[in-house]
Structures are given as C-alpha cells and as structure tokens.
**Q** 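The structure that follows is given in the form of structure tokens.
Computed from a predicted model, the values in this text were never measured in an experiment.
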Number of protein chains: 2
Amino acid sequence: MSTVSKEDYLRVIYKNLEDGILVNASLIAEQLQISNAAVSEMLRKLSNEKYLSYVPYRGIQLLQKGKIEAVKLVRRHRIWETFLYEVIKVPWYKIDEEAENLEHSSSDDLIDRLEGFMNNPEFDPHGHPIPRKNGFVPKQKKLVKLSEFKVNKSGFVRKVNDQSSELLHHLFEIGLTIGKKFSVIEKRNFDNSMVIEIENRNHTVSEKLAQNVFAEILR
Amino acid sequence: MSTVSKEDYLRVIYKNLEDGILVNASLIAEQLQISNAAVSEMLRKLSNEKYLSYVPYRGIQLLQKGKIEAVKLVRRHRIWETFLYEVIKVPWYKIDEEAENLEHSSSDDLIDRLEGFMNNPEFDPHGHPIPRKNGFVPKQKKLVKLSEFKVNKSGFVRKVNDQSSELLHHLFEIGLTIGKKFSVIEKRNFDNSMVIEIENRNHTVSEKLAQNVFAEILR
DNA sequence: AGATTGTTTTAGGAATACCTAAATTTAATA
DNA sequence: TATTAAATTTAGGTATTCCTAAAACAATCT
C-alpha cells in the first residue's frame, strides 16, 4: 500500500527524473527535509515493494508500478495547482505548497472533475505538463535555460522550477512569469549574472535564478 | 499539536454535541470505526492536552481549545462540501467523504478564499450551518424530525444527517433533498414507517430514515 | 595509491496511533 | 440487592516513519 509518505518520495523522484536529474538518496533527503538514514530505509522498502530500482551511488529508476503511481500524483498535484491558480486565484507562489497537501487527499473522481471543470488544461501555472488520466504526458517545445541565453537574444518564459516559493515570489515580483517576453541586455562573465528587460524594465538576475527559468528562443 | 487523527476525534465529538447527542467513548469508536481501546487512550491524551473534559460514562465536553479547533474543522469540512457540490457538481451523496479528506489538508487562507469565491454561504448542502472565520455559527430555524410529523402535515426539508452516504443516496433517489416540499400521507403504528408525497409521487420511508431528516413545518 | 570527501547503511531509539484479549468499573434490570 | 450487560481501561503488541551517532563504503583528488 502507498502512504502519504511514500507518495512524497515517489513524487520527488519523478519530478527530478523528469528534469533529467540523477536521483540519489541524499537528494531526496534534502528535498524532503529528512535524514539520510530515513531515506535509506524507505528506499529499501520501496525497492522491496517493486516501486523502484535503486543502485547506491548510481541512482534511482522508477519501475512500472512506481511510475504509474508517480504520474498519478504529479497529475493530481498539477491539476490542483492549476485549479487553485486559475479558478480560486491563489497567488502563483503559494499554489505549490497548497497542492502538496491536497494531492494526497483527493479521489481520482474528484481530480477528473476538476480537470473537466477547467477544460482539460495541458500545462500547470509553472509550465509543467499535466499528465492525462491515461498516463499520457503532453510534450513541450524544446526549451532553453535562461542562463544559457546570449546577450541580445529574446524569448518567452515557458517553464519555471517550483522548488522554492521564495524564488517564485521573486520571479513574480520582477514579472518573469509564464508567457512573458524578455530580452537579455547584458551578461557578466565574472558571476554569470545577467540584466534582462521585461515589460520595459531592467532587472538583474543571478545565475542561480536563471538556471530555474526555461524559455523559448525568439529569433 | 493537533494531528489528522486528533482532528477526526474533535470533529466527530463536535458534530454529535451539535445535535445534542451525549458523546461517550464507544460512540466515537463506532463512528470512526476503531477499537474502544484506541479511543480510550486518545481521550486521555486529548484530555491531558486540555482539548476536552471527559468523565467516563458521563460523556465528553469540549473545552475552549478543543471547541475552537473543532469549529475550525467543521468550517473547513462544510466549506469544502459546499464547494464540491455547488461549484464542481460532485454528487450530493459523495461530498461528505471527499470533504473528510480535504478538511485536513487545506490552509486557513485557502478556506477563506473558497468561502469568498462562493459568496459566504451560511449552510452546507446537507443543511448544516457553516461556522464563520470568527467562530460564529449561523442559527437555524427550529426544525422538527420528519419522524415526528403527523399525518396530513406538510413541510420543507431543511437538514439531513450525513453519517451514511447510502442514506443520502436513497434520499436523493426519492427526491427528499434540502428545500423540497413534502406531505405526510399515511403513518403506520406498528413500525412507525410513513408514506410521504414528494413532487406528486408517494414514497414509503422507515422510522430510521425519518429520524435523519429535519424539516420546517408548514401550517 | 592513499587520503579526503561525500554517500549510504546500520544500530538503537522515539512518537503516533492503531490492535486484541482480558480485566475492571459502572449502569441497568430482575 | 444481586446479577447481567455495557462501557471503559489496561496490558502487551504491531506498523510506520522518523531521529542521531557511528560505521562502512565509494568516488575523487593529489
């Protein structure tokens, strides 16, 4: 049986794999804010129960059972996020936290109804694809990290990482949100920070920040 | 600290007290579907933590701390129920179960937003009052149990107990839902069952059922 | 290769919230 | 009042999920 706790592990694993990140025990410990020892134990359990395969130091892969479960969770999470944002008007940087709680407490039926209510959205407010009921994950255009944009290039924000609500809050403040157009004005070699223009205003962003924003290049 | 489990106890206690029912340990055990032993233990804890006062065989009373918590929970529960029913169109007899899960996983902020979205409803779809943010509970007109209606009397359904989703489903089937008008056509002395007319159709209802429906008498 | 650093596991515990079975206490009834 | 019935508690366990500290192991750097 899958519990709230196991669900958290599966979701975190899936989300990182989705971004092409190697998932090991300590990454999970850090993201879930629990001890390495606890993660080690839980990974053994999840592995015994055939949710995933785990080679220490080499990373985790989800097995069919785990993937199905994880996709379901991510679906729930993103449908709630979209709903909270689009329908209830919960601020952009708050929806992730709220959805994290709701995703464990709603029936499949309710999720399907919410989806229908919103007319089957494909992407959540952070630009992540919403898996469909049948497990299909909408494809996204190939995106480039903002940190990899060259000077004078422009683009549209299509996706942002939603790990930190403080980051999201800041993005919101400077207007760097989904769909917005921006241009790179300047790039500093010593720290890779850049100055970008959004809606006729210039903002300086750090490399760290720029690595969490994905955009479609405009040529 | 209050956990999901403690919240369940507090909600059940509050709901029964609200209906003027004496709440003892075995009632809770039955309604939460857990052993008497577990309830006994938990009541000791909740009592130590000043959520309630408990005199064995004499019943439970909520103390200030417990009442505040319970009212908050009931508020959450009923706001979710109303939302699911009115906005998402989840069937009447399914909302209670769904809300039971959601009530533990939503912030105060979200609850307030849902309330605002619906324009501050006073009663949930089963006719129960929705406590306001400040703890005030909307008053209801004095209601009479359907089982106490005499032959030839008519009334409007104003409240139904939502313990059993099967009961609700049945009420839904025969059209005995909030706001509906009915008349008592016949009453049988040997088992206290009655025949009532709803929307020009006659239905036989048991005493048990009639004890769970509350109505406003029409004179 | 050896030392250092980072990752993972083990050992031993704690908290929460359940369980069954048996004992005890109280209330209701004959 | 004595007995029976019902409600409650105790005793002894279990499962889950987390913890810290220490040990073991693997990868990387010099």
**Q** Under the salt bridge (Lys or Arg N to Asp or Glu O under 4.0 Å) definition, can you give me all pairs with a residue in residues 17-36 of chain A, not counting sequence neighbours?
**A** E18(A)-R78(A), D19(A)-K159(A)
**Q** Please give, in whole Å, the distance from dT8(C) P to M42(A) CE?
**A** 17 Å
**Q** For I28(A) and dT9(C), what is the distance between atoms CD1 and P respectively, to the nearest whole Å?
**A** 11 Å
**Q** For dT16(C), does either OP1 or OP2 sit under 4.0 Å from a side-chain N or O belonging to T3(B)?
**A** no
**Q** Rounded off to whole Å, could you give me the CG-to-P distance for the L32(B) and dA17(C) pair?
**A** 12 Å
**Q** Within the structure, does a side-chain N or O atom of S5(B) lie under 4.0 Å from either OP1 or OP2 of dT16(C)?
**A** no
**Q** State which residue, out of L32(A), L73(A), T3(A), I13(A), fulfils the side-chain contact (heavy atoms from CB on, under 4.5 Å) condition with D8(A).
**A** L32(A)
**Q** Expressed as a whole number of angstroms, how long is the span from K6(A):NZ to dA15(D):C1'?
**A** 10 Å
**Q** Can you tell me the distance, in whole Å, between the CD atom of Q33(B) and the P atom of dT20(C)?
**A** 12 Å
**Q** With E122(B), which of R75(B), K141(B), R132(B) fulfils salt bridge (Lys or Arg N to Asp or Glu O under 4.0 Å)?
**A** R132(B)
**Q** For K15(A), does the NZ atom sit with more than 12 other heavy atoms under 6.0 Å from it, leaving out its own atoms?
**A** yes
**Q** Going by salt bridge (Lys or Arg N to Asp or Glu O under 4.0 Å), name the pairs with one or both residues in residues 44-56 of chain B, residues two or more places apart or in two chains.
**A** K6(B)-E49(B)
**Q** When you look at CD of E97(B), are more than 12 heavy atoms from neighbouring residues, nucleotides or ligands closer to it than 6.0 Å?
**A** no
**Q** I need a per-nucleotide contact map over nucleotides 1-12 of chain D, read 5' to 3'. Cutoff is protein heavy atoms under 4.0 Å; write B for the base, S for backbone only, - otherwise.
**A** ------BBBB--
**Q** Which whole-number value in Å describes the distance from L22(B) CG to dA27(C) P?
**A** 12 Å
